[in-house]
Amino acid sequence: MSHIPQIKIPATYLRGGTSKGVFFRLEDLPASAQQPGVARDRLLQRVIGSPDPYAKHTDGMGGATSSTSKCVIISPSSKPGHDVDYLYGQVSIDTDFVDWSGNCGNLSTGAGAFALHAGYVDASRVPENGICVVRIWQANINKTIIAHVPVSNGQVQETGDFELDGVTFPAAEIVLEFIDPADEGEGEGGGAMFPTGNLVDELEVPGVGMLKATLITAGIPTVFVNAADIGYTGTELQPAINEDRAALAKLEAIRVAGALRMGLIKAPEEALKRQHTPKVVLVAPPQDYVSSGNKQINAGDIDLNARAMSMGKLHHAMMGTASVAIATAAAVPGTLVNLAAGGGQRDAVRFGHPSGTLRVGAAVTQVDGQWTVTKAVMSRSARILMEGWVRVPGDAF
């Protein structure tokens with residue numbers, strides 16, 4: 001009986017923030033997958049175990065959630081002044097595509113750590129003990145990310161006492177700076193942080209009605225709506241939304257309407273192949289709630305509540321890129337996020353999410369009536385879970 005042998009590819013399984021993914025060095029990929037295209041997509045899908053009609057990823061490395069169906073390709077940077085190029089693929093769980101339209105803020109942490117593990121940072125810049133500054137070129141969105149990675153005895157320090165809600169165990173803190181994180185812009189807004197030119201829009205959503213929305217491209221294209229306007233409190237945990245098909249359909253309709261209004265797609269059906277962006281985030285004034293980890297979150301300890309949709313489901317915590325969008329929108333007086341946080345000027349917010357809280361800061365300026373964001377800052381952690389080789393059938397790609 002004939003068969004196709006498996007091939008093995010060097011890989012690292014790494015947690016970054018509240019996500020985890022399979023990391024590759026570009027040069028370790030098969031030649032046909034070293035360039036963008038069908039072969040690369042097929043390979044990464046087979047590594048993850050997609051598309052899986054059972055939505056379990058039993059035959060792959062994925063975890064059947066938007067936070068764990070991810071692949072990263074790292075290579076020496078082609079951009080002057082940067083150490084590595086970081087390319088991120090969000091692998092759909094049960095449908096046949098890989099979304100390359102945006103970044104993963106959480107795995108940006110892993111990109112910084114992996115750059116050191118892989119030897120891509122000049123040894124003269126790596127301290128024996130201290131903080132190594134890794135300059136990352138985010139190749140999906142053409143932006144700079146600076147990772148401040150702790151080093152002990154010449155190696156990446158992974159263990160520590162930094163706690164991140166949504167991650168079970170403490171680890172070493174990595175500070176991320178997202179430089180000029182407003183998106184390049186694809187629609188009529190053409191690079192504007194607020195692509196429609198408005199801080200708040202009236203968004204007509206088929207089957208839902210007219211909603212107030214803040215549409216922003218900082219970190220990742222994001223559609224902010226008031227939780228109360230669609231029947232929520234902003235304190236919901238995953239089961240309240242992910243087990244409600246009508247709720248999921250309503251939120252997807254909001255996402256599609258936002259994508260159209262932002263110029264990210266030209267027709268609703270295009271949203272099926274662009275599930276990673278934009279994100280939909282529900283915001284609400286601070287309220288007490290109990291997190292998914294049974295932690296009491298007090299309204300007095302947060303500025304607002306936020307709940308984010310990712311790949312059609314409510315996220316278990318908060319995406320790093322959406323956190324950048326939250327911080328940026330909160331810093332601009334008059335946005336829905338800013339109003340939910342109490343209004344006024346602020347350079348940082350602490351928001352509640354399903355797993356707990358997160359503090360993130362942003363620096364914004366207004367020039368000639370146009371708002372821009374120069375930098376967003378947050379802390380995350382990263383840890384290698386396994387390294388070696390992944391195996392895939394030789395005909396998988």
Pairs touching residues 39-49 that satisfy side-chain hydrogen bond (donor to acceptor under 3.5 Å, both in side chains), sequence neighbours left out: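 Qualifying pairs: Asp41-Trp100, Arg42-Gln45, Arg42-Asp96, Gln45-Asp96, Arg46-Asp59.
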
Can a donor-acceptor pair be found between the side chains of [X] and [Y] at a distance below 3.5 Å?
X: His148; Y: Glu173; answer: no
X: Ser108; Y: Asn103; answer: yes
X: Asn140; Y: Gln138; answer: yes
X: Thr365; Y: Thr372; answer: yes
X: Ser310; Y: Ser66; answer: yes

[atom1]/[X] to [atom2]/[Y] distance, rounded to the nearest 0.5 angstrom?
X: Ile73; Y: Leu87; atom1: CD1; atom2: CG; value: 5.0 Å
X: Phe397; Y: Ile7; atom1: CZ; atom2: CD1; value: 3.5 Å
X: Met319; Y: Met309; atom1: CE; atom2: CE; value: 9.0 Å
X: Leu304; Y: Gln287; atom1: CG; atom2: CD; value: 11.0 Å
X: Arg350; Y: Ile302; atom1: CZ; atom2: CD1; value: 10.0 Å
X: Asp83; Y: Leu116; atom1: CG; atom2: CG; value: 8.0 Å

Which pairs pass salt bridge (charged side-chain N to carboxylate O under 4.0 Å, His left out) with one or both residues in [range], sequence neighbours excluded?
range: residues 198-219; answer: Asp201-Arg261, Glu202-Lys212
range: residues 15-36; answer: Arg25-Glu27, Arg25-Asp28
range: residues 284-306; answer: Asp165-Lys295, Asp303-Arg346

Sequence-distant partners of Asp85, salt bridge (charged side-chain N to carboxylate O under 4.0 Å, His left out), two or more places apart: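 Partners of Asp85 under the salt bridge (charged side-chain N to carboxylate O under 4.0 Å, His left out) test: none.
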
Salt bridge (charged side-chain N to carboxylate O under 4.0 Å, His left out) involving Lys250 - partner list, sequence neighbours excluded: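 Residues passing salt bridge (charged side-chain N to carboxylate O under 4.0 Å, His left out) with Lys250: none at all.
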
Main-chain N/O of Leu314 paired with Asn242 side-chain donor or acceptor, under 3.5 Å: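 Flag set: sc Asn242 to bb Leu314 pair under 3.5 Å.
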
Under 3.5 Å donor-acceptor, Ser50 side chain and Ser92 backbone: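 Judged by distance alone, yes, a pair lies under 3.5 Å.
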
His82 and Trp137 aromatic ring geometry - parallel, tilted or perpendicular at 30°/60° bounds: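 Geometry flag for His82 against Trp137: perpendicular rings.
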
Is [Y] close to [X] at the side-chain level, that is, under 4.5 Å between some pair of heavy atoms?
X: Thr374; Y: Val364; result: no
X: Leu251; Y: Ile230; result: yes
X: Pro150; Y: Ile174; result: yes
X: Ile241; Y: Arg307; result: no
X: Pro354; Y: His315; result: no
X: Leu199; Y: Val332; result: yes

Trace of the side chain to side chain contact (heavy atoms under 4.5 Å, CB included) decision for Val225 with Leu282: CA-CA 5 Å; Val225 296; Leu282 313 182; 3.4 Å; yes

Are there more than 12 heavy atoms of other residues, nucleotides or ligands under 6.0 Å from atom [atom1] of [X]?
X: Asp161; atom1: CG; value: no
X: Lys56; atom1: NZ; value: no
X: Arg255; atom1: CZ; value: yes

Reference residue Phe24; test side chain to side chain contact (heavy atoms under 4.5 Å, CB included); the match among Leu44, Val72, Ile74, Leu43: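 Testing Phe24 for a side chain to side chain contact (heavy atoms under 4.5 Å, CB included) against Leu44, Val72, Ile74, Leu43 leaves exactly one candidate, Leu44.
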
Sole residue of Lys279, Gln275, Arg274 in side chain to side chain donor-acceptor pair (under 3.5 Å) with Thr277: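 Exactly one option meets the side chain to side chain donor-acceptor pair (under 3.5 Å) with Thr277, and it is Arg274.
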
